[in-house]
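First the structure, in the form of structure tokens, and then the observations on it.
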Amino acid sequence: MKYNKKTLKDINVRQKKVVLRLDLNVPLKDGVITDTTRIEASLKTLNYLIKNKAKIIILSHLSRIKSVDEIQSNKKSLKVVAEKLQEFLPKTKIIFEPLNVNPKLKKFIENDAKFPYASLGDIFVNDAFGTCHRAHASNVGIGQNIKESCIGFLIQNELKYLNKLINSSKKPFVAVLGGAKVEDKVKIIEKIAKVSDYVIIGGAMAYPFLEIQGYNIGQKLFNFDKDVVQKLFKKYQKKLILPVDFIVTDNISEPKIVKSYNFNAKIPENLFGVFEIDQFANGTKKICKAIAKQTKINNSFTLIGGGDSAAAAKKFKCESDFSFISTGGGASIAFIEGSELPVVIISNLQILVINFQII
Ligand SMILES: Nc1ncnc2c1ncn2[C@@H]1O[C@H](COP(=O)(O)OP(=O)(O)O)[C@@H](O)[C@H]1O
Ligand SMILES: O=C(OP(=O)(O)O)[C@H](O)COP(=O)(O)O
């Protein structure tokens, strides 16, 4: 990928006001953080800025917010992330500023693309790899409206490993696609299929392919174009590996089978998908372990990416067995299929500000 951005070391950040875009969109369960990979991966840049006595204003999104109330009621507020960050950086004072206290920022949540954040600092550092496939105000617009901008150490590291992956000549190249963000991924599946020898598809990602084969998949997470999926299925039938056993359940947290496709009344043992719930975790665990094992036995380059996928690798205690854990799911897929990441364009997401000062 062409990437001509300056990096952190090309810029003098000493005692400057730095606006730092991070992806602190961590997995949450009942308002509690279940995995800190994205926070920890951001520490290198933060520590460098702190060492250089920069005043840092961190911008991030958290989850997909439907109303400001979700932030104000702390259900999906970065307050919890600020508290966790404070534990990692005990000597630094972290102030959390919710959006509603700053009228300029509140306006932005209502989707004002004019973008006030650039005025918050002298320098913009983008280190939110997980959002690099999005063209948002907070990762792109800001860079166009501020004196100087660069990428941080996290993105630099991601690009290093992803380049290593796509430049590897080792075969077969196997992609495993899962997760819930079907809309994003279905669009690029063809490109992934072109560059891969096999594409294993599970989780909600498999639904479109199961439905076109006549299975009842229950409630859909995303309305897809059946013709497009049908064409993909036909064209890449030899490369696509789809689930043979799956169930439709009425309640995901207390699953009871409504329909089972393995012709058995029990919940199949190796379902691949909602790994956070024990009854569904085994398939994801086995796939995770099988890939990680390839790093050692075949000297394969193995990469797992995404906020939730990284959490799965940690949950199954195989994170250190992968060659690299990427903080971006959609972003790493976009990179692998050859998209130029739009780290230079504008947004509509909610932004919270963590005002971060040196004492
Ligand atoms: N069949 C399914 N139905 C509903 N949710 C699913 C299913 N399969 C996986 N998921 C959920 O998808 C989430 C991960 O999706 P996604 O955000 O696309 O991945 P990542 O964060 O790793 O990029 C997990 O929390 C998982 O529980
Ligand atoms: O979690 C993220 O992406 P991922 O699930 O593809 O890894 C990023 O924070 C982007 O979030 P978004 O997909 O809600 O824009």
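Remember, it's 1-based here, ligands and their atoms both numbered in the order they're listed.
Ranking the protein heavy atoms by distance from atom 22 (O) of ligand 1 puts Ser309 OG, 2.6 Å first. In terms of protein heavy-atom proximity, atom 11 (C) of ligand 1 is nearest to Ala180 CB, 4.0 Å. What sits closest to atom 26 (C) of ligand 1 on the protein, heavy atoms only, is Glu276 OE1, 3.6 Å. When only non-hydrogen protein atoms are considered, atom 5 (N) of ligand 1 lies nearest to Val274 CG2, 3.8 Å. Nearest non-hydrogen protein atom to atom 9 (C) of ligand 1 is Gly273 C, 3.5 Å.
One finds no salt bridge joining Lys231 and Glu190 here, because no Lys/Arg side-chain nitrogen approaches an Asp/Glu carboxylate oxygen to under 4.0 Å.
Which parts of ligand 1 touch Gly329 is read off a 4.0 Å heavy-atom cut-off, strictly below it: atoms 23 (O). For ligand 1, the atoms lying closer than 4.0 Å to a non-hydrogen atom of Tyr207 are 1 (N), 2 (C), 3 (N). Close approach of ligand 1 to Gly203 (heavy-atom distance below 4.0 Å) involves ligand atoms 1 (N), 8 (N). For ligand 1, the atoms closer than 4.0 angstrom to any heavy atom of Gly305 are 22 (O).
Classification of the Phe246-Tyr215 ring pair by plane angle, with boundaries at 30° and 60°, yields perpendicular. Taking the six-membered ring where tryptophan is involved, the planes of Phe275 and Phe316 are perpendicular, since the angle between them exceeds 60° and thus also 30°.
Atom OH of Tyr198 has 12 or fewer neighbouring heavy atoms from other residues, nucleotides or ligands inside a 6.0 Å radius.
Note: no N/O pair closer than 3.5 Å links Ile252 and ligand 1 by distance alone. For ligand 1, the polar-atom distance check finds an N/O of Ala204 within less than 3.5 Å of one of the ligand's N/O atoms.
Taking the ring centroids of Tyr48 and Phe153, they lie under the 6.0 Å cut-off.
Using a heavy-atom distance under 4.0 Å as the criterion, the protein contacts of ligand 2 are Asp23, Asn25, Arg38, His61, Arg64, Gly130, Arg134, Lys181, Gly306, Gly307, Gly328, Gly329, Gly330.
Of the candidates Ile247, Thr327, Asp308, it is Asp308 that places a heavy atom closest to atom 13 (C) of ligand 1. Considering only non-hydrogen atoms, atom 23 (O) of ligand 1 lies nearest to Gly306 out of Gly202, Ala310, Ala313, Gly306.
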List the atom pairs, with distances to 0.1 Å, where a side-chain N or O of residues 330-337 and a protein N or O form a donor-acceptor pair under 3.5 Å, not counting sequence neighbours.
from	atom 1	to	atom 2	distance (Å)
Ser332	OG	Gly328	O	2.5
Ser332	OG	Gly329	O	3.0
Glu337	OE2	Ser339	OG	2.5

Pairs under 3.5 angstrom only: tabulate donor-acceptor contacts from the side chains of residues 31-40 to other protein residues two or more places apart or in another chain.
from	atom 1	to	atom 2	distance (Å)
Thr34	OG1	Pro27	O	3.3
Asp35	OD1	Thr37	OG1	3.3
Asp35	OD2	Thr37	N	3.3
Asp35	OD2	Thr37	OG1	2.7
Thr36	OG1	Glu40	OE2	2.6
Thr37	OG1	Lys314	NZ	3.4
Arg38	NE	Thr327	O	2.9
Arg38	NH1	Asn25	O	2.8
Arg38	NH2	Thr327	O	2.7

Using a 3.5 Å cut-off and no angle test, enumerate the donor-acceptor pairs between side-chain atoms of residues 170-181 and protein atoms at least two apart in sequence or in another chain.
from	atom 1	to	atom 2	distance (Å)
Lys170	NZ	Asn298	O	2.4
Lys170	NZ	Asn299	O	3.4

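Contact annotation: the side chain of Phe129 never approaches that of Ile151 to less than 4.5 Å [non-hydrogen atoms, C-beta and beyond]. Taking 4.5 Å as the limit, some side-chain heavy atom of Leu20 sits within range of a side-chain heavy atom of Thr45. Between Lys194 and Tyr236 there is a side-chain heavy-atom pair separated by less than 4.5 Å.
Assignment of Lys185 to the shell around ligand 1 is supported, since a heavy atom sits closer than 4.0 Å.
No hydrogens or angles considered: nothing links the side chains of Asn126 and Arg21 as a donor-acceptor pair under 3.5 Å.
Judged by distance alone, the side chain of Thr295 and the main-chain N or O of Ala292 form a donor-acceptor pair under 3.5 Å.
When heavy-atom distances to ligand 1 are checked against a 4.0 Å cut-off, Met205 has no atom that comes that close, whether in backbone or side chain.
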